[in-house]
Amino acid sequence: MKRVTGIGGIFFKAKDPGKLGSWYKTHLGIDVQSWGGAAFRWADDAGNPTNGTTAWSVSDGSYFAPSNSTFMVNYRVEDLHGLLKLLREEGCQVLEKVEESEYGIFGWVMDPEGNKVELWQPPEGK
C-alpha cells in the first residue's frame, strides 16, 4: 500500500492571522485570499497545469487541537481508510474523527512529538 503521495497543504498558527497573511502577501508575493490562504496550482516541468493544488494558510490554529504545535502539514494519500487502519495496527494514535466532503476525505494521526498530522484523500481526478 502506498502511504503518503505528496503534500496537500501547510497550515500555520498565528497570533494575528490577518496581519501575518498580509506580510506574506506583501513581502513574499503569496496570493493570500480572504479565507486566509492560497492555493498553489501544480504544473509539470514545462509549466503546463496538472491536476492538484497545495493549500497554504494562516489561522488561529484552533483546528490543530489536540496538538499545541504552531503548524500542521496535510499529506495526500490514495486510500485514507486503509492507511488509518494500518496506522492503528501499527500502534499509532489515530484520531477517531474522519470527515468526508466535496473536497475529499480527511483523517488525522498524532506523531510521537504531539503534532497533529492531517491525511487527505482528494476526490477522484484531483
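Just so it is clear, the structure is predicted and the values come from calculations on it, not from any experiment. FYI, side chains are in, hydrogens and waters are out, and symmetry mates aren't considered; it's all heavy atoms of this structure.
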- line: Here the gap from Asp60 atom CG to Lys15 atom NZ, rounded to the nearest 0.5 Å, amounts to 14.0 Å

message: Please report the interatomic distance CG(Leu80) to NZ(Lys85), rounded to the nearest 0.5 Å.
response: 13.5 Å

message: Using modelled atom types and a 3.5 Å cut-off, is there a donor and acceptor pairing between side-chain atoms of Thr53 and backbone atoms of Phe40?
response: no

task: Decide yes or no on side chain to side chain contact (heavy atoms under 4.5 Å, CB included) for Phe64 and Lys13, but give the supporting numbers first.
output: CA-CA 8 Å; Phe64 304 169; Lys13 180 178 183 178; 3.7 Å; yes

- request: Could you walk me through whether Val117 and Tyr75 pass the side chain to side chain contact (heavy atoms under 4.5 Å, CB included) test, one step at a time?
  value: CA-CA 8 Å; Val117 175; Tyr75 294 99; 3.5 Å; yes

field: 4.5 Å side-chain heavy-atom contact, Met1 and Asp79
entry: yes

query: Quick one: CG on Leu84 to CD on Glu89, what's the gap to the nearest 0.5 Å?
result: 11.0 Å

task: Would you confirm whether the ring centroid of Trp120 sits within less than 6.0 angstrom of the ring centroid of Tyr103?
output: no

message: Could you go through Val98 and Ile105, starting from their C-alpha distance and side-chain angles, then the distance that decides it, and tell me whether this counts as side chain to side chain contact (heavy atoms under 4.5 Å, CB included)?
response: CA-CA 7 Å; Val98 171; Ile105 310 170; 3.7 Å; yes

task: Decide whether Ser69 and Asn115 meet the rule of one side-chain donor and one side-chain acceptor closer than 3.5 Å.
output: yes

query: Is a side-chain N or O of Lys25 found less than 3.5 angstrom from the main chain of Val32, in a donor-acceptor match?
result: yes

- request: For the pair Phe12 and Tyr24, name the ring-plane relationship: parallel under 30°, tilted 30 to 60°, perpendicular over 60°.
  value: parallel

Side-chain heavy-atom pair Leu119, Val109 within 4.5 angstrom cut-off: yes

message: Using only atom types and a distance under 3.5 Å, with no angle test, would you say the side chain of Thr54 pairs donor to acceptor with the backbone of Ile10?
response: no

query: For Arg3 and Leu87, which heavy atoms make the closest approach, and how far apart are they?
result: NH1-CD2, 4.2 Å

query: Between Cys92 and Leu86, is any pair of side-chain heavy atoms under 4.5 Å apart?
result: no

Linked, directly or transitively: Ile7 and Ile30 (ILVMFWY side chains, under 4.5 Å): yes

Side-chain heavy-atom pair Ser67, Met110 within 4.5 angstrom cut-off: yes

- prompt: Quick check: are there more than 12 heavy atoms from other residues, nucleotides or ligands sitting under 6.0 Å from CD of Glu90?
  reply: yes

- line: CG of Asn74 to OG of Ser57, rounded to nearest 0.5 Å, is 10.0 Å

message: Tell me whether Trp35 shares a hydrophobic cluster with Phe11, the cluster being built from Ile, Leu, Val, Met, Phe, Trp, Tyr side chains joined at under 4.5 Å.
response: no

message: Other residues, nucleotides and ligands only: do more than 12 of their heavy atoms fall within 6.0 Å of CG on Asn68?
response: no

message: Main chain of Tyr63, side chain of Lys116: is a donor-acceptor contact present, judged purely on distance under 3.5 Å?
response: yes

- prompt: What closest approach, in Å, do Val4 and Val77 show between heavy atoms, and which atom pair accounts for it?
  reply: CA-CG1, 4.3 Å

Trace of the side chain to side chain contact (heavy atoms under 4.5 Å, CB included) decision for Trp56 with Val58: CA-CA 7 Å; Trp56 177 99; Val58 293; 3.9 Å; yes

query: Can you name the nearest heavy-atom pair linking Ser59 to Pro17, along with the distance?
result: C-CG, 3.5 Å

message: Please find the pair of heavy atoms, one from Phe106 and one from Ser101, that lie closest to each other, and give the distance.
response: CE1-OG, 4.2 Å

Carboxylate-amine/guanidinium proximity below 4.0 Å for Glu118 and Lys97: no

